[in-house]
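We name chains A, B, ... by the order of the sequence lines, and we start the count at 1 in each one. The structure presented is a predicted model; accordingly, all values stated were derived computationally and were not measured.
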Amino acid sequence: MYAQMVDTGVQRVLDAAELEGDERRFQDRIDAGIRVEPEDWMPESYRRTLVRQISQHAHSEVVGMLPEGNWITRAPSLLRKATLLAKVQDEGGHGLYLYAAAETLGVSRDDLIDALHAGKAKYSSIFNYPTLTWADIGAIGWLVDGAAIINQIPLCRCSYGPYGRAMVRVCKEESFHQRQGYDIMTRLAQGSEAQRRMAQDALNRWWWPAVMMFGPPDGESVHSAQSAAWRIKLHSNDDLRQRFIDQTVPQAELIGLTIPDADLRWNEERGHYDIGPIDWEEFYSVVRGDGPCNRERLAARKSAWDRGAWVRDAAAAHAAKHAGEQK
Amino acid sequence: MKEWPLWEVFIRSSHGLAHKHVGSLRAADAEMAIGNARDVYTRRNEGVSIWVVRAADIAASSPGDKEPLFDPARSKVYRHPTFFELIDGVKHM
């Protein structure tokens, strides 16, 4: 998802009976549904895992502004432009809520950003794909933000208070993002033949990357099991993916677009759609840094950070000079 | 250059209600903190007033003191009006 394959640093998930002292009391509280707050005692591995997960989520929001920012100056109308600006501004805000949530765990935002720029921290695989046409902006809102909502709604109830509260704010705004995307796709699908083709082409390119956003099946992953025990992962990757597919397929049909999967079938027995095989090699290659835009995205982030340094320094110098002045 | 300080943001959502904590942000000074808070936390008519406080200036109770601070109130159920049963015939009290 926005945080994919988060490493918990544990080798094995311990049973409740194997835990002692603080660790036992901590797990008991989580099992009882009591939220963990910044000042509470927590295992070091829980803290580190959350820093990884929340910062990866924050980086995804910020890097996610780049593919959409690409179309702000070329939006087809003033309303579309204002809407896209508002959406991209929201994404910056989501990054801020999440960095602030991560900072409650005793790390600094600058250190997290340094880790991103040094290639040590990840962001979601999805933002390494290019936005070639205006329809891609529709596809991102509809599919990528749609997938994000499915992942983030359960996280509102996760065990860590500041992360859950940030998710509540994010989810409220995300719904606007998905609808504006679907609105773009609907209008294109109802437009000229060229517009309809453009919408279908965007769906063809974004469908599988969106399906992969949820990450590979959890299988026997010790990290998934540990994150589930800590209640910072509430559903399996496959369950969330299924929810996304079941929700999205009828929306595509409704506007006359075709999901690019020859094996897609409604399975009456399961009450869910079955899909064809997912190309996980592509996913791993993007995660490793070899997607279509990995280098470009990171270079754009670094350049924005470096070129903004004088502004940050000047503001800090101004504040230091006027510190202590009475208003 | 060192990082901008952290500020906690409080928004009053409408006249008559109290300011409520909504989140935090980083800013070089109070003026910038209010500007950033306006941009981040009030884009959809969430508020009519903003307070910002440096996070470092907030004193908080410690989780370790939870029991001595809050447990004594648990046994004092008579502090709630519902503790007292109204006799028949009293309609509003």
Audit row: Arg312(A), Glu3(B), side-chain contact (heavy atoms from CB on, under 4.5 Å) steps and yes/no: CA-CA 9 Å; Arg312(A) 295 191 298 277; Glu3(B) 214 165 359; over 6 Å; no
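- With a 4.5 Å cut-off on side-chain heavy atoms, Leu25(B) and Tyr97(A) do not count as touching.
- Residue His322(A) does not touch chain B at all, counting heavy-atom pairs closer than 4.5 Å.
- Interface residue Arg169(A): only side-chain heavy atoms are found under 4.5 Å from chain B.
- The local environment of NZ in Lys120(A) is sparse, with at most 12 non-hydrogen atoms from other residues, nucleotides or ligands closer than 6.0 Å.
- Comparing Lys172(A), Arg109(A), Arg165(A) by how many heavy-atom pairs each has under 4.5 Å with chain B, the most go to Arg109(A).
- Within 6.0 Å of CH2 on Trp305(A) lie more than 12 heavy atoms contributed by other residues, nucleotides or ligands.
- Contacts between residues 4-24 of chain B and chain A, counted as heavy-atom pairs separated by less than 4.5 Å, involve Trp4(B), Leu6(B), Val22(B), Ser24(B).
- Using a 4.5 Å cut-off between non-hydrogen atoms, the part of residues 26-52 of chain A that approaches chain B consists of Arg29(A), Glu39(A), Asp40(A).
- Contact count against chain B (heavy-atom pairs under 4.5 Å) is highest for Ala315(A) among Ala309(A), Ala315(A), Gly92(A).
- Under a cut-off of 6.0 angstrom, the local environment of CG in Asn45(B) is sparse, with at most 12 non-hydrogen atoms contributed by other residues, nucleotides or ligands.
- Ion pair Glu173(A)/Arg43(B) flagged as a salt bridge, since at least one NZ, NE, NH1 or NH2 atom sits closer than 4.0 Å to an Asp/Glu carboxylate oxygen.
- Using a 4.0 Å cut-off between a side-chain N of Lys or Arg and a carboxylate O of Asp or Glu, Asp90(A) and Arg44(B) qualify as a salt bridge.
- Chosen from Pro162(A), Ala320(A), Ala319(A), the residue pairing most often with chain B at heavy-atom distances under 4.5 Å is Ala319(A).
- Contact count against chain B (heavy-atom pairs under 4.5 Å) is highest for Ser108(A) among Ser108(A), Gly93(A), Ala100(A).
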